[in-house]
Trainee: 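Have a look at this one before I ask anything.
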Amino acid sequence: MSDRTYDITEIDLSKMKIMVVDAMSSTVLKKTLKKEGYEVFSVPDGETALLKLKDYMADIILLDTDLPDIDGFSLSMNLKENDETRHIPVIFISERSKTDDIIKGFKCGCVDYITKPFPKEELVARVRTHLYTVYLRKEVEKQSLLKGVVEMAGATAHELNQPLAAILMTSQLLMAKHREDYPNYKQFKRIESQSQRMAEIIKKITFITRYEVKEYIDGIKIVDIEKASEQ
C-alpha cells in the first residue's frame with residue numbers, strides 16, 4: 001500500500017466565494033480568509049445575507065449563531081428550505097459551546113461548528129476542507145453536463161450532416177451550370193458559403209471535450225462551442 005498522502009492544498013480554490021454573516025467579528029474573518037486568496041464578502045445580519053444571495057451566490061457560508069435580527073439557526077434552516085441555496089455548506093461560528101447548541105446547529109443543516117475563540121489555522125483548514133467538497137461536487141456536475149452535451153452534439157451532427165451535404169452539393173451544381181453573370185448566381189454562392197460555414201460549426205461540435213458556457217440573453221447561458229472544442 002502506498003504511503004503517499006493526498007494534499008488538497010494542491011487544488012486551486014482561489015475562485016471560491018465565501019460569505020461571512022457575523023455582526024461582530026466579520027472584519028477579522030474576512031481578513032483571515034482573504035489572505036488565503038478567497039473572494040470574501042461579509043454582511044452583518046440575516047436579512048442582508050438573504051438579499052445578497054439573490055444576485056451573488058456564495059460557495060460556502062460562515063454563519064454566527066447570534067445575529068441582530070434572526071438567529072443563525074433559523075437562517076440556516078431558511079437557506080436549506082430554499083432550492084437555490086440549500087446546496088451551500090454552512091459553517092457555524094459561535095461563542096455557544098454547549099453540546100445542545102452544537103447538536104442544534106447540525107440539525108439546522110450545518111456541515112461544521114466552530115466555537116470561539118479559535119486558532120486561525122483551524123478555521124482556514126476547516127474552510128478549505130469544505131470548499132474542496134464543493135469543488136468536487138462542481139466537477140461531478142460538470143462531467144455529467146459534459147456527457148449530456150457530447151451525446152447531444154454527436155446526435156445533432158449526425159442528423160445535420162446528410163441534409164447539409166445535399167444543400168452544399170446542390171448549390172455547387174447550380175454554380176457549375178450557370179455563368180457568374182446569371183441573375184441568381186450570387187445567391188447560389190451565398191448558399192454554398194453559408195453551408196460551408198455550417199459544416200465547420202458541425203465539425204467543431206463533434207470535437208467538444210469540455211463543458212464551457214457563455215452568456216446569451218436575459219441571463220440564459222449556452223454552450224460556448226469555440227472554447228468547448230479547443231484542442
Trainee: Hey, what do you get for OG (Ser94) to CG (Asp64), rounding to the nearest 0.5 Å?
Mentor: 6.0 Å
Trainee: Would you indicate whether the side-chain heavy atoms of Arg128 and Leu13 approach each other to under 4.5 Å?
Mentor: yes
Trainee: Just verifying a value: how many Å separate Leu67 CG and Asp22 CG, rounded to the nearest 0.5 Å?
Mentor: 7.5 Å
Trainee: Say whether, by atom type as modelled, one donor and one acceptor occur between the side chain of Lys80 and the main chain of Arg86 under 3.5 angstrom.
Mentor: yes
Trainee: Can you name the residues that form a side chain to side chain contact (heavy atoms under 4.5 Å, CB included) with Ser171, not counting sequence neighbours?
Mentor: Leu168, Ile191, Glu192
Trainee: Test your reading of the model: is there a side-chain donor-acceptor pair from Thr129 to the backbone of Ala125, 3.5 Å cut-off?
Mentor: yes
Trainee: I need the Asn161 CG to Thr156 OG1 distance, nearest 0.5 Å.
Mentor: 10.5 Å
Trainee: Answer yes or no: is there a side-chain heavy-atom contact under 4.5 Å between Lys35 and Val124?
Mentor: no
Trainee: To the nearest 0.5 Å, how far apart are OG in Ser144 and CD in Glu139?
Mentor: 12.5 Å
Trainee: Nearest 0.5 Å please: distance from the CD atom of Gln172 over to the CD atom of Gln196.
Mentor: 6.5 Å
Trainee: Are Lys204 and Glu200 close enough for a salt bridge, meaning some N to O gap below 4.0 Å?
Mentor: no
Trainee: So which pairs with a foot in residues 154-179 pass salt bridge (charged side-chain N to carboxylate O under 4.0 Å, His left out), sequence neighbours left out?
Mentor: Arg179-Asp181
Trainee: Quick check: do Ile88 and Leu53 have side-chain heavy atoms less than 4.5 Å from each other?
Mentor: yes
Trainee: If hydrophobic clusters are built by linking Ile, Leu, Val, Met, Phe, Trp and Tyr wherever their side-chain heavy atoms come under 4.5 Å apart, do Ile167 and Leu173 end up in the same one?
Mentor: no
Trainee: More than 12 heavy atoms of other residues, nucleotides or ligands under 6.0 Å from CE of Met57: yes or no?
Mentor: yes
Trainee: Using every non-hydrogen atom in the two residues, find where Phe92 and Cys110 come nearest and quote the distance to one decimal.
Mentor: CD1-CB, 3.4 Å
Trainee: Can you give the donor-acceptor pairs under 3.5 Å from side chains of residues 68-78 to other protein atoms, not counting sequence neighbours?
Mentor:
unit_1: Asp69; atom_1: OD1; unit_2: Gly46; atom_2: N; d: 3.1
unit_1: Asp69; atom_1: OD2; unit_2: Gly46; atom_2: N; d: 3.3
unit_1: Asp69; atom_1: OD2; unit_2: Glu47; atom_2: N; d: 2.9
unit_1: Asp71; atom_1: OD1; unit_2: Phe73; atom_2: N; d: 3.0
unit_1: Asp71; atom_1: OD1; unit_2: Ser74; atom_2: N; d: 2.9
unit_1: Asp71; atom_1: OD1; unit_2: Ser74; atom_2: OG; d: 3.4
unit_1: Asp71; atom_1: OD2; unit_2: Ser74; atom_2: OG; d: 3.0
unit_1: Ser76; atom_1: OG; unit_2: Cys108; atom_2: O; d: 2.7

Trainee: Taking CD in Glu215 as the centre, count heavy atoms belonging to other residues, nucleotides or ligands within less than 6.0 Å. Is the count above 12?
Mentor: yes
Trainee: Just to verify, what does Asp101 make a salt bridge (charged side-chain N to carboxylate O under 4.0 Å, His left out) with, not counting sequence neighbours?
Mentor: Arg96
Trainee: Check the side chains of Ser97 and Thr115 for a donor-acceptor pair under 3.5 angstrom, ignoring hydrogens and angles.
Mentor: no
Trainee: Test of understanding: clusters of I, L, V, M, F, W, Y form through side-chain heavy atoms closer than 4.5 Å, transitively. Do Tyr135 and Val40 belong to the same one?
Mentor: yes
Trainee: For the residue pair Phe41 and Ala58, what are the closest heavy atoms and their distance?
Mentor: CZ-CB, 4.0 Å
Trainee: Less than 4.5 Å apart, any side-chain heavy atom of Leu51 and any of Val43?
Mentor: no
Trainee: Compare all side-chain heavy atoms of Asp59 with those of Tyr38 and state whether any distance is below 4.5 angstrom.
Mentor: no
Trainee: Step by step, would you call Asn184 with Leu174 a side chain to side chain contact (heavy atoms under 4.5 Å, CB included)?
Mentor: CA-CA 9 Å; Asn184 291 326; Leu174 289 169; over 6 Å; no
Trainee: How about CD on Gln162, more than 12 heavy atoms from neighbouring residues, nucleotides or ligands closer than 6.0 Å, or not?
Mentor: no
Trainee: Are Met152 and Ile201 grouped together when hydrophobic residues (ILVMFWY) are joined by side-chain heavy atoms under 4.5 angstrom apart?
Mentor: no
Trainee: Leu136 and Ile60: same hydrophobic cluster, using ILVMFWY side-chain contacts below 4.5 Å?
Mentor: yes
Trainee: Only one of Val28, Ile91, Ile114 forms a side-chain contact (heavy atoms from CB on, under 4.5 Å) with Leu123, so which one is it?
Mentor: Ile114
Trainee: Is there side-chain contact between His87 and Arg137, with heavy atoms separated by less than 4.5 Å?
Mentor: yes
Trainee: Give the cluster check for Leu63 versus Ile103: same hydrophobic cluster or not, with ILVMFWY residues linked at side-chain heavy-atom distances below 4.5 Å.
Mentor: no
Trainee: Quick one: salt bridge (charged side-chain N to carboxylate O under 4.0 Å, His left out) partners of Glu151, sequence neighbours excluded?
Mentor: Lys147
Trainee: Cluster partners of Ile202, using ILVMFWY side-chain heavy atoms under 4.5 angstrom, listed by chain and number?
Mentor: Leu160, Leu164, Met198
Trainee: Which class fits the ring pair Tyr185 and Phe188: parallel under 30°, tilted 30 to 60°, perpendicular over 60°?
Mentor: perpendicular
Trainee: Within this structure, what is the CD-NZ distance for the pair Glu36 and Lys120, rounded to the nearest 0.5 Å?
Mentor: 11.0 Å
Trainee: Check whether more than 12 heavy atoms from other residues, nucleotides or ligands sit under 6.0 Å from atom CD of Glu95, and answer yes or no.
Mentor: no
